[in-house]
Q: 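Quick one: the structure is below, and I'll ask about it shortly.
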2 protein chains.
Amino acid sequence: MAATQIIADTDEPTARQQAVLDAVLSLMVEEGDQLTMTAVARRASCSKETLYKWFGDRDGLLTATVRWQAARVRAGRYDRPTLDIATLRDSLKGFAETWLAVISSPTSIALNRLAIGHAASRKSNLGGIVLENGRFAIGERLRPVLEAGREAGLLAFDDSETAFRTFFGLVGRDVQIRLLLGDGLTLGPDEVARDAARATDQFLTLYGRMTAAPEA
Amino acid sequence: MAATQIIADTDEPTARQQAVLDAVLSLMVEEGDQLTMTAVARRASCSKETLYKWFGDRDGLLTATVRWQAARVRAGRYDRPTLDIATLRDSLKGFAETWLAVISSPTSIALNRLAIGHAASRKSNLGGIVLENGRFAIGERLRPVLEAGREAGLLAFDDSETAFRTFFGLVGRDVQIRLLLGDGLTLGPDEVARDAARATDQFLTLYGRMTAAPEA
DNA sequence: GAGTTGCCGTACCGTACGTTACGGTTCGGC
DNA sequence: GCCGAACCGTAACGTACGGTACGGCAACTC
């Protein structure tokens, strides 16, 4: 009952445990399918016994991995509510760039594939965790920006959730589903920047209170 | 070399084989995870030996299932190029409704989960087949509509592919990824119709050559 | 009516993998 | 120098599942 306990849902993993979780992530990205406990132990240079002592079972290990990656991604800053249209546009564009970079990263793709596979079965809702730290987290972080924009008279919408979902669609389009299904689509920094700018302009055309926005 | 041959990529499955494939689909939707050859044989009231004779191996069965479902979905009509704005809007809205209904159907969700899981491993690209018959098929079918709209002076865009991807994003937004990850989101006929209309209006606001479009 | 064909049901085989157990090693505390 | 804790590497166990083999049965052919 003492010493190295099974890692609880709220605990911060130790440095060694983080190394193990990073091994899981790298293995997930590289091998995709072959995410076996033996492979993890080998990659992380630890024994299977240790894996089970720390994480309980395979699901516990995967859950801890998803949380670990989520904590890393969530380390983005909370943008100050904006006052003028240029700052608002920059904020939106920044969010779009971050989001596009995330969903097109090999780690995100592998993690989402895993979570989606798990959503098919019932047990241990990895999908919920991914949603909570991905789609919904970014929604919560963007909401104050949108509402500040509305209060400043820059945006017009009834429901910030609906407005966000439109923005989400304009940014992501078919990127995530194509990548998840194995399409060879690649998104370099240039494309990310260009797509983010386009999505932002389109969003401002739809929801902006001013002229400004370019023609398509 | 005669009699019941392994079903080739181009062959039409026989009625009995279709029944088997439907059993696979129903099992996929209901059980999700437990898509074992034994379960399929039991559900379809056939022997495993027959499954292997007809479909070669598990991957062949899954591939045939994906194709079978694709053939069923593809049975949509090819819309006539439009001439006036009302017809164009109806065409777009029809596409949006169809697409939303498809991606929110339990069958599509289960099928996409399966294909995404397979995309992680290398073998037999189910993901490619799903993409080809889903995302890309609808893109090809919508293209002539968009280009007819442009030729009629109703739409303005440089690249029809880019325009379509925007429409795709406006229609789908976060629906597919949320459903794939197991979110409890439900989309009734009312929501489908409303979302399709909203997406169409937004698209026409962005790409339309006329006033018409509502305010957000 | 004997042979052939196609298929069902089931038992069986080999393997992969989650999980457990155990011997050996390192290391901090006394 | 000794003890116990933590951990590594690996062997072993149990099970689930893909794939194969075989006996039985119904329909059809000659």
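What you see below is based on every heavy atom in this structure, not just the backbone, and it leaves out hydrogens, waters and symmetry mates. Chain letters run A, B, ... following the sequence lines, proteins first, then strands; residues in each count from 1.
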Q: Output yes when at least one side-chain N/O atom of A:Gln34 is less than 4.0 Å from OP1 or OP2 of C:dA16, else no.
A: no
Q: With sequence neighbours excluded, tell me which residues meet ring pair (Phe, Tyr, Trp, His ring centres under 6.0 Å) with B:Phe203.
A: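 Testing B:Phe203 for ring pair (Phe, Tyr, Trp, His ring centres under 6.0 Å), a comparison that skips the adjacent residues, returns B:Phe167, B:Tyr207.
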Q: Take atom CZ of B:Phe55 and atom P of C:dC7, then tell me their distance rounded to the nearest Å.
A: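 To the nearest whole Å, that distance equals 11 Å.
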Q: Check whether any side-chain heavy atom of B:Arg198 sits under 4.5 Å from a side-chain heavy atom of B:Arg173, and report yes or no.
A: yes
Q: A:Tyr52 has a side chain; which of C:dT19, C:dC17, C:dC7 sits nearest to it?
A: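 Side chain of A:Tyr52 sits closest to C:dT19.
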Q: Ignoring hydrogens, what is the shortest heavy-atom contact between B:Ala115 and B:Val130? Give both atom names and the distance.
A: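 Closest approach of B:Ala115 to B:Val130, heavy atoms only: CB-CG2, 3.6 Å.
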Q: May I ask you to say what B:Arg16 touches in the nucleic acid, namely base, sugar-phosphate or nothing, with a heavy-atom cut-off under 4.0 Å?
A: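 Counting heavy atoms under 4.0 Å across all strands, the contact made by B:Arg16 is with sugar-phosphate only.
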Q: Write out all pairs satisfying ring pair (Phe, Tyr, Trp, His ring centres under 6.0 Å) with one or both partners inside residues 124-146 of chain A, taking only residues at least two apart or from two chains.
A: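 Checked against ring pair (Phe, Tyr, Trp, His ring centres under 6.0 Å) - neighbours excluded - no pair reaches residues 124-146 of chain A.
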Q: Using whole Å, report how far CE of B:Met37 lies from C1' of C:dT15.
A: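 Result: 16 Å.
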Q: Roughly, in whole Å, what's the span from CZ in B:Arg58 to P in C:dA16?
A: 16 Å
Q: Could you run down nucleotides 21-27 of chain D 5' to 3' and tag each one B, S or - for protein heavy-atom contact under 4.0 Å?
A: BB-----
Q: Between atom NZ in B:Lys53 and atom C1' in C:dC7, what is the gap in whole Å?
A: 7 Å
